[in-house]
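Take a look at the structure set out below.
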There are 2 protein chains.
Amino acid sequence: MRSYRQYCSLAKALDVVGDRWTLLVVRELLLRGSARYTDLRDGLPGIATNLLAERLRELEEAGLVVREQAPPPVATTLYRLTPRGEELKVAVHALARWGAPLMVDDPGDDAFRGHWLAFPAEILLTDRTPDRAPVALEVRAGDAPVVLETGDGGVRLRPGPAERPDAVMSGEPRLVLGTLMGKLGLDEARERGLSYDGDPRVLGRLRPAS
Amino acid sequence: MRSYRQYCSLAKALDVVGDRWTLLVVRELLLRGSARYTDLRDGLPGIATNLLAERLRELEEAGLVVREQAPPPVATTLYRLTPRGEELKVAVHALARWGAPLMVDDPGDDAFRGHWLAFPAEILLTDRTPDRAPVALEVRAGDAPVVLETGDGGVRLRPGPAERPDAVMSGEPRLVLGTLMGKLGLDEARERGLSYDGDPRVLGRLRPAS
DNA sequence: CAGCATCCGCTTTGATACTG
DNA sequence: CAGTATCAAAGCGGATGCTG
(Lines give C-alpha, C1' and ligand atoms only; values in the text may rest on other atoms or scores of the structure.)
Protein backbone atom coordinates (compact mmCIF):
# COMPACT_ATOMS: atom_id res chain seq x y z
CA MET A 1 0.00 0.00 0.00
CA ARG A 2 1.06 3.44 -0.77
CA SER A 3 1.68 5.32 2.47
CA TYR A 4 -0.65 8.10 3.52
CA ARG A 5 2.42 10.04 4.59
CA GLN A 6 0.68 11.45 7.62
CA TYR A 7 2.31 11.55 11.03
CA CYS A 8 -0.75 10.12 12.76
CA SER A 9 -0.99 6.75 14.45
CA LEU A 10 -4.23 5.80 12.69
CA ALA A 11 -2.69 6.58 9.31
CA LYS A 12 0.41 4.59 10.29
CA ALA A 13 -1.74 1.63 11.28
CA LEU A 14 -3.60 1.79 7.98
CA ASP A 15 -0.29 2.02 6.11
CA VAL A 16 0.33 -1.50 7.41
CA VAL A 17 -3.10 -3.15 7.55
CA GLY A 18 -5.25 -0.85 5.42
CA ASP A 19 -4.85 -2.75 2.19
CA ARG A 20 -7.73 -4.72 0.83
CA TRP A 21 -7.90 -8.26 2.27
CA THR A 22 -5.13 -7.63 4.80
CA LEU A 23 -7.30 -7.53 7.92
CA LEU A 24 -9.23 -10.55 6.72
CA VAL A 25 -5.98 -12.49 6.45
CA VAL A 26 -5.27 -11.40 10.03
CA ARG A 27 -8.76 -12.59 10.98
CA GLU A 28 -8.05 -16.06 9.66
CA LEU A 29 -4.77 -16.25 11.54
CA LEU A 30 -6.39 -14.98 14.73
CA LEU A 31 -9.10 -17.60 14.44
CA ARG A 32 -6.91 -20.49 13.37
CA GLY A 33 -3.75 -19.89 15.35
CA SER A 34 -1.60 -21.19 12.56
CA ALA A 35 -2.58 -22.22 9.10
CA ARG A 36 -1.36 -23.50 5.80
CA TYR A 37 -1.67 -21.51 2.63
CA THR A 38 -4.55 -23.65 1.47
CA ASP A 39 -6.40 -23.28 4.76
CA LEU A 40 -6.12 -19.54 4.45
CA ARG A 41 -7.37 -19.57 0.91
CA ASP A 42 -10.32 -21.67 1.96
CA GLY A 43 -11.08 -19.30 4.82
CA LEU A 44 -10.92 -16.31 2.48
CA PRO A 45 -13.39 -17.15 -0.28
CA GLY A 46 -13.08 -14.65 -3.08
CA ILE A 47 -9.42 -13.79 -2.66
CA ALA A 48 -7.18 -14.19 -5.69
CA THR A 49 -4.31 -16.51 -4.96
CA ASN A 50 -1.69 -14.00 -6.03
CA LEU A 51 -3.17 -11.46 -3.62
CA LEU A 52 -3.05 -13.90 -0.73
CA ALA A 53 0.60 -14.59 -1.48
CA GLU A 54 1.33 -10.87 -1.74
CA ARG A 55 -0.48 -10.03 1.50
CA LEU A 56 1.34 -12.76 3.37
CA ARG A 57 4.66 -11.45 2.11
CA GLU A 58 3.79 -7.90 3.15
CA LEU A 59 2.60 -9.03 6.56
CA GLU A 60 5.80 -10.97 7.00
CA GLU A 61 7.91 -7.95 6.05
CA ALA A 62 5.93 -5.80 8.47
CA GLY A 63 6.67 -8.29 11.24
CA LEU A 64 3.08 -9.37 11.85
CA VAL A 65 3.40 -12.86 10.43
CA VAL A 66 6.06 -15.53 10.49
CA ARG A 67 6.24 -18.58 8.31
CA GLU A 68 7.37 -21.76 9.99
CA GLN A 69 8.36 -25.07 8.55
CA ALA A 70 6.06 -27.71 9.98
CA PRO A 71 7.98 -30.76 11.22
CA PRO A 72 7.87 -33.98 9.19
CA PRO A 73 5.86 -35.89 8.23
CA VAL A 74 3.67 -32.89 7.45
CA ALA A 75 6.51 -30.85 6.00
CA THR A 76 4.52 -27.87 4.88
CA THR A 77 4.74 -24.15 5.50
CA LEU A 78 2.65 -22.77 8.33
CA TYR A 79 1.72 -19.15 8.81
CA ARG A 80 1.33 -17.68 12.27
CA LEU A 81 0.89 -14.25 13.80
CA THR A 82 3.75 -12.75 15.75
CA PRO A 83 2.97 -11.13 19.13
CA ARG A 84 2.83 -7.82 17.33
CA GLY A 85 0.30 -9.31 14.94
CA GLU A 86 -1.73 -10.74 17.82
CA GLU A 87 -2.00 -7.24 19.22
CA LEU A 88 -4.36 -6.45 16.37
CA LYS A 89 -6.97 -8.60 18.05
CA VAL A 90 -8.37 -5.66 20.01
CA ALA A 91 -8.83 -3.56 16.88
CA VAL A 92 -10.20 -6.47 14.85
CA HIS A 93 -12.70 -7.27 17.59
CA ALA A 94 -13.75 -3.63 17.77
CA LEU A 95 -14.36 -3.54 14.04
CA ALA A 96 -16.17 -6.87 14.10
CA ARG A 97 -18.39 -5.65 16.92
CA TRP A 98 -19.18 -2.52 14.96
CA GLY A 99 -20.03 -4.62 11.94
CA ALA A 100 -22.27 -7.06 13.81
CA PRO A 101 -25.49 -5.06 13.24
CA LEU A 102 -24.89 -5.37 9.50
CA MET A 103 -25.41 -9.11 9.80
CA VAL A 104 -29.18 -8.74 10.09
CA ASP A 105 -29.31 -7.84 6.40
CA ASP A 106 -30.01 -10.64 3.99
CA PRO A 107 -26.72 -12.46 3.40
CA GLY A 108 -27.77 -13.15 -0.17
CA ASP A 109 -25.27 -15.60 -1.52
CA ASP A 110 -22.46 -14.49 0.78
CA ALA A 111 -19.92 -17.13 1.57
CA PHE A 112 -19.87 -18.54 5.07
CA ARG A 113 -17.43 -20.54 7.19
CA GLY A 114 -18.34 -21.98 10.56
CA HIS A 115 -15.29 -20.69 12.37
CA TRP A 116 -16.32 -17.10 11.58
CA LEU A 117 -18.89 -17.54 14.33
CA ALA A 118 -16.03 -17.23 16.79
CA PHE A 119 -16.22 -13.44 16.62
CA PRO A 120 -19.86 -13.11 17.60
CA ALA A 121 -19.41 -15.86 20.15
CA GLU A 122 -16.37 -14.49 21.91
CA ILE A 123 -17.24 -10.82 21.57
CA LEU A 124 -20.94 -10.80 22.19
CA LEU A 125 -21.93 -13.91 24.10
CA THR A 126 -21.53 -14.60 27.76
CA ASP A 127 -22.19 -17.57 30.01
CA ARG A 128 -25.21 -16.71 32.15
CA THR A 129 -24.57 -19.37 34.76
CA PRO A 130 -20.81 -19.88 34.81
CA ASP A 131 -20.95 -21.80 38.11
CA ARG A 132 -22.80 -24.71 36.60
CA ALA A 133 -21.20 -27.51 34.66
CA PRO A 134 -19.94 -26.36 31.23
CA VAL A 135 -22.09 -27.06 28.23
CA ALA A 136 -21.33 -27.65 24.58
CA LEU A 137 -23.50 -26.65 21.63
CA GLU A 138 -22.68 -28.09 18.25
CA VAL A 139 -23.44 -25.75 15.39
CA ARG A 140 -23.77 -26.88 11.79
CA ALA A 141 -24.17 -23.85 9.62
CA GLY A 142 -21.34 -23.67 7.14
CA ASP A 143 -18.89 -26.06 5.66
CA ALA A 144 -17.83 -27.90 8.80
CA PRO A 145 -19.40 -28.22 12.26
CA VAL A 146 -18.11 -26.18 15.18
CA VAL A 147 -18.67 -26.36 18.92
CA LEU A 148 -19.57 -23.48 21.21
CA GLU A 149 -18.42 -24.21 24.74
CA THR A 150 -18.80 -22.31 27.97
CA GLY A 151 -15.73 -21.63 30.04
CA ASP A 152 -14.30 -18.86 32.23
CA GLY A 153 -17.62 -17.07 32.15
CA GLY A 154 -17.40 -16.65 28.42
CA VAL A 155 -18.07 -18.66 25.31
CA ARG A 156 -15.41 -20.18 23.09
CA LEU A 157 -15.55 -21.81 19.70
CA ARG A 158 -13.52 -24.74 18.49
CA PRO A 159 -13.69 -26.94 15.41
CA GLY A 160 -16.31 -29.64 15.78
CA PRO A 161 -17.99 -31.98 15.87
CA ALA A 162 -18.57 -32.30 19.61
CA GLU A 163 -18.19 -35.64 21.35
CA ARG A 164 -21.24 -35.37 23.54
CA PRO A 165 -22.97 -32.08 22.75
CA ASP A 166 -25.77 -30.89 25.05
CA ALA A 167 -27.53 -29.60 21.98
CA VAL A 168 -27.11 -29.52 18.22
CA MET A 169 -28.23 -26.64 16.05
CA SER A 170 -28.22 -26.47 12.30
CA GLY A 171 -29.63 -24.26 9.59
CA GLU A 172 -28.96 -21.13 7.60
CA PRO A 173 -26.19 -18.96 9.05
CA ARG A 174 -28.54 -16.05 9.61
CA LEU A 175 -31.00 -18.20 11.48
CA VAL A 176 -28.27 -19.69 13.63
CA LEU A 177 -26.81 -16.27 14.38
CA GLY A 178 -30.17 -14.63 15.07
CA THR A 179 -31.05 -17.42 17.47
CA LEU A 180 -27.70 -17.30 19.24
CA MET A 181 -27.94 -13.53 19.59
CA GLY A 182 -31.43 -13.74 21.02
CA LYS A 183 -32.95 -11.77 18.16
CA LEU A 184 -35.03 -14.77 17.24
CA GLY A 185 -36.98 -17.05 19.55
CA LEU A 186 -36.34 -20.76 19.20
CA ASP A 187 -39.90 -21.45 18.10
CA GLU A 188 -39.83 -18.80 15.44
CA ALA A 189 -36.42 -19.90 14.23
CA ARG A 190 -37.73 -23.45 13.92
CA GLU A 191 -40.62 -22.23 11.85
CA ARG A 192 -38.13 -20.62 9.52
CA GLY A 193 -36.19 -23.80 9.11
CA LEU A 194 -33.78 -24.03 12.03
CA SER A 195 -33.19 -27.45 13.47
CA TYR A 196 -32.44 -27.73 17.19
CA ASP A 197 -31.95 -30.95 19.09
CA GLY A 198 -31.22 -31.19 22.78
CA ASP A 199 -31.74 -29.16 25.90
CA PRO A 200 -33.25 -25.75 25.05
CA ARG A 201 -31.79 -24.33 28.25
CA VAL A 202 -28.34 -24.45 26.64
CA LEU A 203 -29.48 -21.67 24.38
CA GLY A 204 -30.78 -19.59 27.26
CA ARG A 205 -27.44 -19.91 28.96
CA LEU A 206 -25.47 -18.36 26.10
CA ARG A 207 -26.75 -14.85 25.89
CA PRO A 208 -25.51 -11.50 24.60
CA ALA A 209 -23.75 -9.58 27.35
CA SER A 210 -25.08 -6.23 26.17
CA MET B 1 -15.96 -0.64 -2.51
CA ARG B 2 -16.61 -3.99 -3.91
CA SER B 3 -18.13 -6.21 -1.23
CA TYR B 4 -16.17 -9.14 0.13
CA ARG B 5 -19.39 -11.15 0.03
CA GLN B 6 -18.58 -12.94 3.25
CA TYR B 7 -21.14 -13.41 5.99
CA CYS B 8 -18.75 -12.23 8.71
CA SER B 9 -19.09 -9.08 10.77
CA LEU B 10 -15.49 -8.01 10.16
CA ALA B 11 -15.94 -8.35 6.42
CA LYS B 12 -19.23 -6.44 6.66
CA ALA B 13 -17.52 -3.65 8.58
CA LEU B 14 -14.77 -3.47 5.98
CA ASP B 15 -17.36 -3.42 3.21
CA VAL B 16 -18.40 -0.06 4.66
CA VAL B 17 -15.20 1.50 6.00
CA GLY B 18 -12.48 -0.55 4.33
CA ASP B 19 -11.92 1.71 1.38
CA ARG B 20 -8.81 3.80 1.16
CA TRP B 21 -9.18 7.14 3.00
CA THR B 22 -12.55 6.24 4.53
CA LEU B 23 -11.39 5.73 8.11
CA LEU B 24 -9.23 8.85 7.88
CA VAL B 25 -12.30 10.85 6.91
CA VAL B 26 -14.01 9.37 9.96
CA ARG B 27 -10.98 10.37 12.04
CA GLU B 28 -11.34 13.99 10.97
CA LEU B 29 -15.02 14.02 11.82
CA LEU B 30 -14.39 12.36 15.17
CA LEU B 31 -11.76 14.95 16.00
CA ARG B 32 -13.58 17.98 14.69
CA GLY B 33 -17.18 17.20 15.56
CA SER B 34 -18.43 18.87 12.44
CA ALA B 35 -16.48 20.26 9.55
CA ARG B 36 -16.72 21.98 6.21
CA TYR B 37 -15.48 20.32 3.06
CA THR B 38 -12.44 22.57 3.03
CA ASP B 39 -11.60 21.80 6.65
CA LEU B 40 -11.72 18.10 5.86
CA ARG B 41 -9.48 18.52 2.85
CA ASP B 42 -7.00 20.43 4.95
CA GLY B 43 -7.08 17.72 7.61
CA LEU B 44 -6.49 15.04 4.99
CA PRO B 45 -3.34 16.13 3.20
CA GLY B 46 -2.74 13.98 0.14
CA ILE B 47 -6.36 13.12 -0.64
CA ALA B 48 -7.62 13.89 -4.11
CA THR B 49 -10.57 16.22 -3.95
CA ASN B 50 -12.77 13.93 -6.03
CA LEU B 51 -12.04 11.07 -3.64
CA LEU B 52 -13.03 13.16 -0.63
CA ALA B 53 -16.33 13.99 -2.31
CA GLU B 54 -16.86 10.34 -3.20
CA ARG B 55 -16.07 9.08 0.29
CA LEU B 56 -18.41 11.61 1.86
CA ARG B 57 -21.18 10.52 -0.45
CA GLU B 58 -20.57 6.86 0.36
CA LEU B 59 -20.47 7.55 4.09
CA GLU B 60 -23.71 9.47 3.79
CA GLU B 61 -25.37 6.63 1.91
CA ALA B 62 -24.16 4.17 4.55
CA GLY B 63 -25.74 6.33 7.26
CA LEU B 64 -22.50 7.28 9.01
CA VAL B 65 -22.45 10.93 7.97
CA VAL B 66 -25.07 13.62 7.56
CA ARG B 67 -24.65 16.91 5.79
CA GLU B 68 -26.26 19.89 7.42
CA GLN B 69 -26.84 23.38 6.14
CA ALA B 70 -25.09 25.80 8.49
CA PRO B 71 -27.37 28.69 9.45
CA PRO B 72 -26.71 32.13 7.93
CA PRO B 73 -24.53 34.12 7.83
CA VAL B 74 -22.13 31.18 7.40
CA ALA B 75 -24.37 29.35 4.97
CA THR B 76 -22.08 26.50 4.12
CA THR B 77 -22.43 22.74 4.20
CA LEU B 78 -21.28 21.01 7.36
CA TYR B 79 -20.48 17.33 7.64
CA ARG B 80 -21.10 15.46 10.86
CA LEU B 81 -21.06 11.87 12.04
CA THR B 82 -24.35 10.19 12.88
CA PRO B 83 -24.57 8.19 16.13
CA ARG B 84 -23.83 5.10 14.08
CA GLY B 85 -20.71 6.82 12.74
CA GLU B 86 -19.67 7.86 16.24
CA GLU B 87 -19.76 4.21 17.23
CA LEU B 88 -16.67 3.73 15.12
CA LYS B 89 -14.71 5.61 17.77
CA VAL B 90 -13.88 2.43 19.66
CA ALA B 91 -12.47 0.71 16.59
CA VAL B 92 -10.63 3.82 15.41
CA HIS B 93 -9.07 4.24 18.84
CA ALA B 94 -8.03 0.61 18.90
CA LEU B 95 -6.36 0.93 15.51
CA ALA B 96 -4.70 4.20 16.50
CA ARG B 97 -3.40 2.63 19.67
CA TRP B 98 -2.00 -0.27 17.69
CA GLY B 99 -0.33 2.16 15.31
CA ALA B 100 1.21 4.32 18.04
CA PRO B 101 4.50 2.35 18.22
CA LEU B 102 5.02 3.11 14.54
CA MET B 103 5.34 6.78 15.42
CA VAL B 104 8.86 6.33 16.74
CA ASP B 105 10.08 5.86 13.17
CA ASP B 106 11.42 8.90 11.41
CA PRO B 107 8.40 10.82 10.10
CA GLY B 108 10.47 11.92 7.11
CA ASP B 109 8.41 14.54 5.38
CA ASP B 110 5.08 13.23 6.60
CA ALA B 111 2.36 15.81 6.90
CA PHE B 112 1.27 16.79 10.38
CA ARG B 113 -1.72 18.57 11.89
CA GLY B 114 -1.87 19.60 15.52
CA HIS B 115 -5.30 18.13 16.19
CA TRP B 116 -4.01 14.67 15.33
CA LEU B 117 -2.38 14.73 18.76
CA ALA B 118 -5.82 14.18 20.19
CA PHE B 119 -5.53 10.43 19.65
CA PRO B 120 -2.32 9.92 21.62
CA ALA B 121 -3.54 12.38 24.23
CA GLU B 122 -6.94 10.86 24.83
CA ILE B 123 -5.96 7.26 24.35
CA LEU B 124 -2.61 7.08 26.04
CA LEU B 125 -2.27 9.94 28.50
CA THR B 126 -3.75 10.18 31.95
CA ASP B 127 -3.84 12.88 34.62
CA ARG B 128 -1.55 11.71 37.42
CA THR B 129 -2.98 14.05 40.04
CA PRO B 130 -6.59 14.62 39.05
CA ASP B 131 -7.47 16.15 42.43
CA ARG B 132 -5.31 19.19 41.90
CA ALA B 133 -6.33 22.22 39.88
CA PRO B 134 -6.49 21.50 36.14
CA VAL B 135 -3.56 22.50 34.00
CA ALA B 136 -3.23 23.53 30.38
CA LEU B 137 -0.29 22.84 28.09
CA GLU B 138 -0.11 24.67 24.81
CA VAL B 139 1.51 22.67 22.04
CA ARG B 140 2.84 24.23 18.86
CA ALA B 141 3.94 21.47 16.57
CA GLY B 142 1.96 21.60 13.36
CA ASP B 143 0.01 24.20 11.52
CA ALA B 144 -1.98 25.66 14.38
CA PRO B 145 -1.49 25.56 18.16
CA VAL B 146 -3.53 23.20 20.32
CA VAL B 147 -4.09 22.94 24.06
CA LEU B 148 -3.85 19.81 26.16
CA GLU B 149 -6.01 20.14 29.25
CA THR B 150 -6.56 17.87 32.21
CA GLY B 151 -10.09 17.02 33.20
CA ASP B 152 -12.05 14.04 34.53
CA GLY B 153 -8.82 12.22 35.23
CA GLY B 154 -7.89 12.23 31.57
CA VAL B 155 -6.40 14.58 29.06
CA ARG B 156 -8.33 16.38 26.35
CA LEU B 157 -7.23 18.39 23.37
CA ARG B 158 -8.87 21.48 21.97
CA PRO B 159 -7.84 24.02 19.34
CA GLY B 160 -5.46 26.61 20.75
CA PRO B 161 -3.95 28.93 21.65
CA ALA B 162 -4.50 28.77 25.40
CA GLU B 163 -5.48 31.88 27.33
CA ARG B 164 -3.16 31.34 30.27
CA PRO B 165 -1.21 28.12 29.64
CA ASP B 166 0.79 26.62 32.49
CA ALA B 167 3.41 25.67 29.94
CA VAL B 168 4.11 26.04 26.24
CA MET B 169 5.87 23.42 24.19
CA SER B 170 6.98 23.70 20.60
CA GLY B 171 9.16 21.76 18.21
CA GLU B 172 9.14 18.93 15.74
CA PRO B 173 6.11 16.63 16.05
CA ARG B 174 8.26 13.64 16.91
CA LEU B 175 10.03 15.52 19.69
CA VAL B 176 6.75 16.79 21.08
CA LEU B 177 5.21 13.33 20.98
CA GLY B 178 8.24 11.58 22.42
CA THR B 179 8.32 14.04 25.28
CA LEU B 180 4.60 13.75 25.96
CA MET B 181 4.81 9.98 25.93
CA GLY B 182 7.73 9.97 28.34
CA LYS B 183 10.02 8.30 25.83
CA LEU B 184 12.23 11.34 25.93
CA GLY B 185 13.38 13.32 28.97
CA LEU B 186 12.80 17.05 28.88
CA ASP B 187 16.53 17.81 28.97
CA GLU B 188 17.29 15.48 26.11
CA ALA B 189 14.37 16.77 24.10
CA ARG B 190 15.63 20.31 24.59
CA GLU B 191 19.04 19.31 23.34
CA ARG B 192 17.38 18.00 20.21
CA GLY B 193 15.59 21.26 19.62
CA LEU B 194 12.43 21.18 21.72
CA SER B 195 11.37 24.44 23.28
CA TYR B 196 9.55 24.30 26.64
CA ASP B 197 8.49 27.28 28.66
CA GLY B 198 6.68 27.11 31.97
CA ASP B 199 6.30 24.71 34.85
CA PRO B 200 8.06 21.39 34.10
CA ARG B 201 5.75 19.63 36.55
CA VAL B 202 2.95 20.01 34.03
CA LEU B 203 4.73 17.49 31.87
CA GLY B 204 5.16 15.08 34.77
CA ARG B 205 1.46 15.24 35.43
CA LEU B 206 0.44 14.06 31.95
CA ARG B 207 1.77 10.57 31.72
CA PRO B 208 1.04 7.40 29.74
CA ALA B 209 -1.41 5.22 31.60
CA SER B 210 0.23 2.00 30.46
C1' DC C 1 -13.48 30.90 -2.83
C1' DA C 2 -16.11 26.53 -1.48
C1' DG C 3 -17.59 22.33 -3.38
C1' DC C 4 -17.47 19.46 -6.27
C1' DA C 5 -17.17 16.82 -11.45
C1' DT C 6 -14.38 15.28 -15.36
C1' DC C 7 -10.51 13.51 -17.60
C1' DC C 8 -6.38 10.68 -17.91
C1' DG C 9 -2.19 8.02 -16.72
C1' DC C 10 -0.85 4.86 -13.34
C1' DT C 11 -1.36 1.27 -9.78
C1' DT C 12 -3.97 -2.28 -7.59
C1' DT C 13 -7.09 -5.89 -7.85
C1' DG C 14 -9.52 -10.01 -9.76
C1' DA C 15 -9.84 -14.07 -12.54
C1' DT C 16 -7.67 -17.62 -14.56
C1' DA C 17 -3.92 -20.36 -16.25
C1' DC C 18 0.18 -22.44 -15.28
C1' DT C 19 4.37 -24.60 -12.59
C1' DG C 20 7.81 -26.87 -9.20
C1' DC D 1 0.15 -28.16 -2.06
C1' DA D 2 1.88 -23.70 -2.59
C1' DG D 3 2.45 -20.67 -4.94
C1' DT D 4 3.98 -17.54 -9.81
C1' DA D 5 2.55 -15.43 -14.35
C1' DT D 6 -0.50 -13.00 -17.12
C1' DC D 7 -3.78 -9.67 -18.42
C1' DA D 8 -8.22 -7.13 -18.24
C1' DA D 9 -10.92 -4.24 -15.21
C1' DA D 10 -11.44 -1.33 -11.47
C1' DG D 11 -9.69 2.08 -8.35
C1' DC D 12 -6.68 5.82 -7.25
C1' DG D 13 -3.87 10.21 -7.77
C1' DG D 14 -3.17 14.45 -9.82
C1' DA D 15 -4.54 18.11 -12.69
C1' DT D 16 -7.87 20.91 -14.29
C1' DG D 17 -12.48 22.82 -15.20
C1' DC D 18 -17.00 24.16 -13.85
C1' DT D 19 -20.69 26.34 -10.95
C1' DG D 20 -22.92 29.05 -7.24
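Computation of the quantities below employed the complete heavy-atom set of this structure, encompassing side-chain atoms and omitting hydrogens, waters and symmetry-equivalent molecules. Residue numbers begin at 1 in each chain, while the letters A, B, ... track the order of the sequences.
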Residues which pass side-chain contact (heavy atoms from CB on, under 4.5 Å) with A209(B), listed by chain and number, not counting sequence neighbours: T126(B)
Listed partners of V135(B) passing side-chain contact (heavy atoms from CB on, under 4.5 Å), at least two apart: T150(B), D166(B), V202(B), R205(B)
Cation-aromatic face contact R113(B)/Y7(A), 6.0 Å, 45 degrees: no
What does the list of N/O pairs under 3.5 Å between the protein and nucleotides 15-20 of chain C look like, with a distance for each?
from, atom 1, to, atom 2, distance (Å)
dA15(C), OP1, R2(B), NH2, 2.8
dA15(C), N6, N50(A), ND2, 3.0

Short side-chain N/O contact to [N] OP1/OP2 from [X], under 4.0 Å:
X: R57(B); N: dA5(C); value: yes
X: Y4(B); N: dG14(C); value: no
X: R67(B); N: dC4(C); value: yes

Nearest-nucleotide 5' precedence on DNA chain D, A53(A) against L51(B): A53(A)
Counting C-beta onward and ignoring hydrogens, is there a side-chain heavy-atom pair between [X] and [Y] closer than 4.5 Å?
X: L184(B); Y: L194(B); answer: no
X: P120(A); Y: L125(A); answer: no
X: Y196(A); Y: L137(A); answer: yes

Does [X] pair with [Y] as a salt bridge, N-O distance under 4.0 Å?
X: R190(B); Y: E188(B); value: no
X: R57(B); Y: E61(B); value: no
X: D110(B); Y: K12(A); value: yes

Near-strand residues of residues 9-38 of chain B, defined as heavy-atom separation under 4.0 angstrom from DNA chain D: D19(B), R20(B), W21(B)
Find the distance [X]:[atom1] to [N]:[atom2] and express it as a whole number of Å.
X: E54(B); N: dC12(D); atom1: CD; atom2: C1'; result: 9 Å
X: R41(A); N: dT4(D); atom1: CZ; atom2: C1'; result: 12 Å
X: Y79(B); N: dA2(C); atom1: OH; atom2: C1'; result: 10 Å
X: L56(A); N: dG3(D); atom1: CG; atom2: C1'; result: 10 Å
X: E58(A); N: dT12(C); atom1: CD; atom2: P; result: 9 Å
X: Q69(A); N: dC1(D); atom1: CD; atom2: P; result: 16 Å
X: E60(B); N: dC4(C); atom1: CD; atom2: C1'; result: 13 Å
X: L44(B); N: dG13(D); atom1: CG; atom2: P; result: 12 Å

Using residues 86-106 of chain B as the side-chain source, report each donor-acceptor pair under 3.5 Å to any protein atom, sequence neighbours left out, with the distance given to one decimal.
from, atom 1, to, atom 2, distance (Å)
E87(B), OE1, R84(B), NH1, 3.2
R97(B), NH2, I123(B), O, 3.3
W98(B), NE1, R84(A), O, 3.2
D106(B), OD1, G108(B), N, 2.8

Side-chain donor-acceptor pair present, W21(A), E54(A), cut-off under 3.5 Å: no
Side-chain donor-acceptor pair present, T49(A), Y37(A), cut-off under 3.5 Å: yes
Bend angle of the helix from dC1(C)-dG20(D) to dG20(C)-dC1(D), end axes from five pairs each (to 10°): 30°
